[in-house]
**Student:** 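Before we start, here is the structure in question, set down as structure tokens.
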Amino acid sequence: MSAPQDYPALWLHEVRRSYKQGESSLDILNGVELALWPGESVALIAPSGAGKSTLLHVAGLLEKPDGGEVYVGGAPTAVMDDAERTMLRRHEIGFVYQFHHLLPEFSALENIMMPQMIAGLSKASAKQRSEELLGYLGLAKRMGHRPAELSGGEQQRVAIARAVANGPRLLLADEPTGNLDPKTADHVFNALAQIVRATGLAALVATHNLELAGRMDRRVTLRDGLVVELP
Ligand code: ADP
Ligand code: MG
């Protein structure tokens with residue numbers, strides 16, 4: 001468990017994002033406030049089209065907001081250039097998507113080693129950490145399998161291992177169990193929760209699954225482009 005920390009893992013402050021549609025503009029985020037503290041898991045529950053993916057992309061420094069500030073681990077990101085944003089994303093943020101996006105021609109193990117080696121870790125260290133992660137997620141016997149040789153639930157667990165391979169302080173997941181049957185979704189969600197507890201990272205998970213959302217620390221929604229706390 002991590003020690004108490006001074007800064008939120010993520011703080012979205014007055015974040016605005018709109019998409020130009022010809023002459024008009026579509027305002028998706030209208031001054032979003034959201035702080036996630038280390039070790040905290042938050043479910044983002046909102047109807048399709050409400051802006052969940054947009055919020056996650058902005059939080060993950062994949063898209064720039066049109067206004068406001070995104071702080072990652074206390075660091076303001078608007079002033080950063082693309083190289084700095086990329087470095088921060090690579091080291092501090094992990095992503096899980098609805099579809100695993102694993103590289104099809106590589107094994108589960110290699111898929112998890114990849115981001116670590118890109119971040120500068122030696123092959124031996126990356127391999128050791130990847131083996132530990134896969135073992136931890138119950139996939140010790142699947143290390144050499146390619147994505148096509150894994151079940152949907154196994155693919156998502158490998159995707160979770162890849163997302164946390166570089167020890168990020170923030171995990172962003174966009175409907176990570178949206179493509180799975182209820183039992184498998186439960187299994188994958190438990191893997192995610194287990195990683196959050198073990199590492200003390202903060203997790204923001206967009207989901208339609210109210211039962212799984214109910215097991216997270218907090219639930220929020222998007223209403224008129226603002227993040228609103230749910231009971
Ligand atoms: P959600 O993930 O909650 O389903 P999104 O964040 O994907 O919602 O999209 C929110 C709204 O923004 C939708 O109405 C969508 O059509 C619009 N939108 C998303 N991305 C773009 C884009 N690149 N250009 C224009 N409109 C977009
Ligand atoms: Mg979406």
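One-based numbering, in listed order, for ligands and for the atoms of each.
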**Student:** Of all the heavy-atom pairs spanning V196 and A203, show the shortest one and how long it is.
**Tutor:** CG2-CB, 3.7 Å

**Student:** Could you list which atoms of ligand 1 come closer than 4.0 Å to a heavy atom of T54?
**Tutor:**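 Within the 4.0 Å cut-off of T54, ligand 1 contributes 5 (P), 6 (O), 9 (O).
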
**Student:** Looking only at protein heavy atoms, which one is nearest to atom 16 (O) of ligand 1, and how far off is it?
**Tutor:**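 Minimum-distance protein heavy atom for atom 16 (O) of ligand 1 reads L26 CD2, 4.8 Å.
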
**Student:** Any idea which atoms of ligand 1 are less than 4.0 Å away from a heavy-atom of S48?
**Tutor:** 4 (O)

**Student:** Using a cut-off of 6.0 Å, state whether more than 12 heavy atoms not belonging to D81 lie near its atom CG.
**Tutor:**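 Enclosed.
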
**Student:** Backbone or side chain, does any N or O of I28 fall under 3.5 Å from an N or O of ligand 1?
**Tutor:** no

**Student:** Within the 4.0 Å heavy-atom shell around P47, which atoms of ligand 1 are there?
**Tutor:** 3 (O)

**Student:** Any N or O of G49 that comes nearer than 3.5 Å to an N or O of ligand 1?
**Tutor:** yes

**Student:** Can a non-hydrogen atom of A50 be found less than 4.0 Å from any atom of ligand 1?
**Tutor:** yes

**Student:** Look at atom 8 (O) of ligand 1 and find which of G51, A46, A206 reaches it with the closest heavy atom.
**Tutor:** G51

**Student:** Check ligand 1 against Q21 and write out every atom of the ligand that is under 4.0 Å from a heavy-atom position of the residue.
**Tutor:** 25 (C), 26 (N)

**Student:** Which ligand 1 atoms does K52 reach within 4.0 Å, using its non-hydrogen atoms?
**Tutor:** 1 (P), 2 (O), 3 (O), 4 (O), 6 (O), 8 (O)

**Student:** Any idea which protein heavy atom is nearest atom 27 (C) of ligand 1, and the distance to it?
**Tutor:** Y19 CD1, 3.3 Å

